Amino acid sequence: MMADIGKKNDNVAQWTARSVGSRFQHNFFYFIIKHGGRQTAYCFLSFIVLFYVLFKPSICRKADYYLFRRFERRCLAQRLADNYRLCLNLGKALIDRAVIGILGEEKLTIEFRDKEKLFDLLKEGRGLILMTSHVGCWQAAMSALRFLQTPVHLLLLREEGDIDRHYFEHAGIESPYRIIDPTGYLGGVLEMMQVLRAGEILCVMGDRFLSGRKGSLAIDFLGGKALFPISSFKIASATRAPIVVLYSHKSGPYNYALDIYDIIRVPSDVGKHDQDFLPYVQKFALTLESYTTAYPYQFFNFYNMWIEDLQIVEKKRGILNEHQGKPEENSY
Amino acid sequence: MNIKESLKKILIEELNLEDLTPEEIEDDAPLFGEGLGLDSLDAVELVVLLEKHFGVMVKNLDEGRAAFQSINTLVSFIEERVVQS
């Protein structure tokens, strides 16, 4: 299962926290939401996304890393339709996030059936690692955690050029969570351990690593080897805090649902090598695969997580199809 | 064996530094980045091994930042906590 981590890999694109749109475009949408409501904003969004999908190939390319693996062979029309649907859903998630801050939390219903499970896990007194991904609307999920009445800390990178506002910034209220900077001293690991030892909640994104391949493992994900970070799993092992895999999805025009996909416990004696953590990271990747099966157009990790080049995958598929006698006209 | 010697041996064993000997680890060299070349994931191990082998806890970022400079600062940190307890 494990790929060679030591080799230099240039296929893995570095992601950036920079926003796609300009400050003006963001402010335009905030204005529309405030004065025209959510549906008007959705309406403008549909045209803008269409423009981006048709005339901004760089956006399509970023979405293709995922779409190509999720849907395999598709014709150009299907590919454009998939891109449109995915980008539209991302735009809607961003609008919904702004709606919470601008129009109020009551404008969005967030259903969470597993509240008791979280309470029970917190009672263990080892803190809680909430591991989510770039799916659904994670900020909506965060806004729904207030019932726990426990401080929430979020590992979050904010770069210059990231002009998206968080919902609390729209509302002009104090941040409901404390942000830990992953570019801070020792990647913030001391702060993360401190949080868990205090029995508090640490929220991390399990599907994105910061730079290079150090601190990540190549894991089976959607038919290829993708890189996933391991630091949270090491911290879970050191503190014995349970990892709760929590994803949100848009379940209706004004609704999101939160679901616990798995509870991962990493033993304290798991081992000293990165590879020892592989089964636990793979467990997480399986939850993400299961999410993408259920909600294929709500996975918003727009960068190349995979270590295998798309052209190589395409070539392999071509050879496979030749062997199976399948037609080539749907070539990507 | 004094704290410094045992600390160096434990670091080699627990942080997979088998290609080094205790003598090769300089007392004043930085632990992270240049010097010993540890990274943030090693910091997690370091916190755990300090508790496991010396019974001392790194309670917060400030303590960690001061203690994790070099072998010497780490030894001072351990000695202070051991005396206090």
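Chain A is the first sequence line, chain B the second, and so forth, proteins listed ahead of strands; every chain is numbered from 1. What you see is a predicted model, and the numbers here were worked out from it, not measured in a lab. Values below: every heavy atom of this structure, side chains too, minus hydrogens, waters and symmetry copies.
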Quick check: closest heavy atoms across [X] and [Y], and the distance to 0.1 Å?
| X | Y | result |
| --- | --- | --- |
| L61(B) | Q194(A) | N-OE1, 3.6 Å |
| L41(B) | G215(A) | CD1-CA, 3.6 Å |
| V189(A) | A43(B) | CG2-CB, 3.8 Å |
| S40(B) | G187(A) | CB-N, 4.2 Å |

(message) If you count heavy atoms of other groups shown closer than 6.0 angstrom to CZ of R178(A), is the number above 12?
(response) yes
(request) Using a cut-off of 6.0 Å, state whether more than 12 heavy atoms not belonging to E34(B) lie near its atom CD. (result) no
(request) Working to the nearest 0.5 Å, report the span between CG of D62(B) and OH of Y185(A). (result) 10.5 Å
(message) So, taking the atom named CG in L186(A) and the one named CZ in F32(B), what distance separates them when rounded to the nearest 0.5 Å?
(response) 4.5 Å
(request) Go through the atoms of N60(B) and report whether side chain, backbone, both or neither lie under 4.5 Å from a heavy atom of chain A. (result) both
(message) Is E51(B) in contact with chain A via its backbone, its side chain, both, or neither, using a 4.5 Å heavy-atom distance?
(response) side chain
(message) Only pairs of heavy atoms separated by less than 4.5 Å count here; which of R197(A), M192(A), H273(A) has the most with chain B?
(response) R197(A)
(message) Looking at K272(A) and E45(B), would you say the former's side chain and the latter's main chain have a donor-acceptor pair under 3.5 Å?
(response) no
(request) May I ask you to name which of V58(B), D39(B), L46(B), D42(B) has the most heavy-atom pairs under 4.5 Å with chain A? (result) D39(B)
